[in-house]
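Structure record follows, encoded as structure tokens.
A note on names: the letters A, B, ... follow the listed sequences, proteins ahead of strands, and every chain is numbered from 1. Only a predicted model underlies this, so the values are computations on that prediction, with no experimental measurement involved.
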There are 2 protein chains.
Amino acid sequence: MTDFQQFCNQFSELNELASLELVQTLKTKTFQKGDFILKSGMVCKHFYFVNSGLVKMFSTKDDKEFIVRFFSENLMFTAFESYLTQTASNFAIIALETTTVTLVSQKKLEELCKKHHSIETFFRKLVSVATLKMTKRIREMLEENATNRYNQFMIDNDLIVQRISLGEIAKYVGITQQSLSRIRNQK
Amino acid sequence: MTDFQQFCNQFSELNELASLELVQTLKTKTFQKGDFILKSGMVCKHFYFVNSGLVKMFSTKDDKEFIVRFFSENLMFTAFESYLTQTASNFAIIALETTTVTLVSQKKLEELCKKHHSIETFFRKLVSVATLKMTKRIREMLEENATNRYNQFMIDNDLIVQRISLGEIAKYVGITQQSLSRIRNQK
DNA sequence: ACTATTATTTATCAAATGGTAAATAATTAC
DNA sequence: GTAATTATTTACCATTTGATAAATAATAGT
């Protein structure tokens with residue numbers, strides 16, 4: 001069983017037929033460091049599963065980047081609003097390392113959700129987990145100052161922080177790189 | 001058809017049996033202004049639909065409140081992490097006005113999701129919409145300063161802002177009431 | 001190894017926001 | 001209608017963060 005199939009089964013035990021049909025739709029693609037997986041303004045046609053590598057999902061305003069989240073091995077991502085509504089994305093996704101992803105077509109996943117209850121359940125639970133992470137993020141942004149948000153980020157992402165530059169972390173925490181450098185060195 | 005049923009059908013056309021079974025599980029409850037619908041530390045056992053009134057969902061830290069969102073007529077809410085995992089909630093919910101809600105039992109909705117594909121679909125889409133709203137919120141908190149966040153709040157909630165005090169809005173925007181008063185009067 | 005490029009740190013000053021306190025305004029209870 | 005309570009505004013000063021610039025450090029390309 002592939003990592004992707006294991007990932008799915010942790011949410012909902014897919015029956016054999018559903019699993020087979022899902023696997024048949026999959027494609028794999030590799031992006032080099034710096035490559036856009038999705039550009040802002042494009043319509044996101046896939047859900048992605050990270051087999052290896054690391055990506056950032058971000059928005060841009062006044063030439064400044066704001067990072068929504070990093071995704072590394074064994075995580076799924078998509079530009080969800082664009083994916084759901086099939087409209088232009090406000091977010092872009094770039095590979096921070098050579099990254100290999102498994103692609104799940106939006107159209108096909110939508111069909112499979114209709115056809116197989118177990119896939120619908122998988123999708124429901126996948127989105128539910130995303131919602132929990134977002135709630136945590138919103139709460140942290142409201143309650144915590146930049147120092148605490150940085151510290152929490154380092155705890156939550158301890159397995160990948162050494163692969164992410166200070167500048168990128170600052171774009172996640174929501175402050176300038178200079179401010180983060182200051183925070184980090186004032187202990 | 002009740003407002004709640006109409007709400008459900010806008011996400012997924014529920015078949016007759018599913019709709020009937022869902023409706024049979026419903027209860028209604030009224031909370032007075034200031035009442036807790038859910039206290040922090042309690043386990044959230046329901047999804048709620050607002051028939052009338054207005055509630056705030058918030059967390060507390062160092063005696064300060066941080067509002068995640070307001071919910072008024074024809075919206076559904078729950079303390080989602082607590083609801084999903086049936087563990088103690090980090091969030092509380094209070095009625096800001098006399099509020100009548102329709103209650104959907106977590107246990108029964110979970111059963112109905114298993115039994116009826118169309119209810120699972122409804123739930124999946126409901127959670128998906130919540131995810132979109134949260135993404136928008138995270139993006140705004142990263143990109144925009146307090147002035148813009150306040151203005152955006154007033155636009156997004158134009159139908160209910162006159163029912164919400166300045167202090168509560170400040171707890172949503174993420175600044176002190178004094179700062180918001182200053183922002184509002186510096187034009 | 002050397003150069004160019006990129007990343008990080010440091011510094012200075014300006015702007016935004018917080019903490020505290022007090023004044024004023026609005027609302028509610030009797 | 002008046003007093004009590006609650007909500008909002010204003011003011012002052014401290015703290016945090018941003019903007020800009022420059023210095024230093026690390027990395028990559030040759």
Response to the item:
Between CG of Leu180(A) and C1' of dG18(D) the distance, given in whole Å, is 14 Å
Fill in: Between C1' of dT20(C) and CD of Gln177(B), the distance in whole Å
14 Å
Practice prompt. Indicate whether OP1 or OP2 belonging to dT9(C) is found under 4.0 Å from a side-chain N or O atom of Arg184(A).
Written response: yes
Discussion item. Counting only heavy atoms not in Gln162(B) (residues, nucleotides, ligands), do more than 12 fall under 6.0 Å from its CD?
Written reply: yes
Discussion item. Does this structure show an ion pair linking Glu144(A) with Lys61(B), if we count only N-O contacts that are shorter than 4.0 Å?
Written reply: yes
Tabulate atom names and distances for all N/O pairs under 3.5 angstrom spanning the protein and nucleotides 27-30 of chain C.
none

Worksheet item: Do any N or O atoms from the side chain of Glu73(A) and from the backbone of Gly53(A) form a donor-acceptor pair under 3.5 angstrom?
Response: yes
Item to complete: Please state how far atom CG in Asp63(A) lies from atom P in dT20(D), giving the value in whole angstrom units.
Response: 12 Å
Worksheet item: Do the rings of Phe153(B) and Tyr172(B) sit parallel, tilted or perpendicular, given the 30° and 60° boundaries?
Response: tilted
Practice prompt. Quick one: closest heavy-atom pair of Leu22(A) and Thr25(A), and the distance?
Written response: O-OG1, 2.8 Å
Worksheet entry | Interatomic spacing from OG in Ser128(A) to NZ in Lys133(A) - rounded to 0.5 Å | 12.5 Å
Worksheet item: Between the two end axes of the helix from dA1(C)-dT30(D) to dC30(C)-dG1(D), each built from 5 base pairs, what angle do you get to the nearest 10°?
Response: 50°
Fill in: Among Lys136(A), Arg149(A), Arg137(A), the one residue meeting salt bridge (Lys or Arg N to Asp or Glu O under 4.0 Å) with Asp156(A)
Lys136(A)
Fill in: Rounded interatomic separation in angstrom, taking CG from Asn148(B) and C1' from dA16(C)
13 Å
Practice prompt. Measure the distance from CD1 on Ile183(A) to P on dT16(D) and round it to the nearest whole Å.
Written response: 9 Å
Worksheet entry | With Lys108(A) via salt bridge (Lys or Arg N to Asp or Glu O under 4.0 Å) - residues at least two apart | none
Item to complete: Report the nucleotide, chosen from dA11(C), dT8(C), dT9(D), that has the shortest atom-to-atom distance to any side-chain atom of Gln178(A).
Response: dA11(C)
Item to complete: Find out whether the Lys NZ or Arg CZ of Arg69(B) is both under 6.0 angstrom from the six-membered ring centre of Phe91(B) and within 45° of the ring's axis.
Response: no
Worksheet entry | Candidates dT12(C), dC12(D), dT8(C) - which lies nearest the side chain of Arg182(B) | dC12(D)
Discussion item. Less than 4.0 angstrom from a charged side-chain N to a carboxylate O is my criterion; do Glu168(A) and Lys171(A) meet it?
Written reply: yes
Worksheet item: Could you state the CD-C1' distance from Gln186(A) to dT9(C), rounded to the nearest angstrom?
Response: 13 Å
Item to complete: Check DNA chain C against residues 160-176 of chain B and give the residues with a non-hydrogen atom under 4.0 Å, in numerical order.
Response: Gly174(B), Ile175(B), Thr176(B)
Worksheet entry | Whole-Å distance separating the CZ atom of Arg149(A) from the C1' atom of dT16(D) | 11 Å
Fill in: Partner residues of Arg124(B) under the salt bridge (Lys or Arg N to Asp or Glu O under 4.0 Å) criterion, sequence neighbours left out
Glu110(A), Glu120(A)
Worksheet item: Can you say whether the rings of Phe122(B) and Phe11(B) are parallel (under 30°), tilted (30 to 60°) or perpendicular (over 60°)?
Response: perpendicular
Worksheet item: Would you say a side-chain N or O of Ser179(A) is under 4.0 Å from OP1 or OP2 of dT17(D)?
Response: no
Discussion item. For Phe123(B) and Phe47(B), take the angle between the two ring planes, folded into 0 to 90°, and tell me which bin it lands in: parallel under 30, tilted 30 to 60, perpendicular over 60.
Written reply: perpendicular
Discussion item. Could you tell me how far apart Leu142(B) (CG) and dT17(D) (C1') are, to the nearest whole angstrom?
Written reply: 15 Å
Practice prompt. Can you measure from CG (Leu103(A)) to OG1 (Thr28(A)) and round to the nearest 0.5 angstrom?
Written response: 7.5 Å
Worksheet item: Among residues 64-73 of chain A, which residues get a heavy atom nearer than 4.0 Å to DNA chain C?
Response: none
Worksheet item: Does a nitrogen or oxygen in the side chain of Asn185(B) sit under 4.0 Å from OP1 or OP2 of dT9(D)?
Response: yes
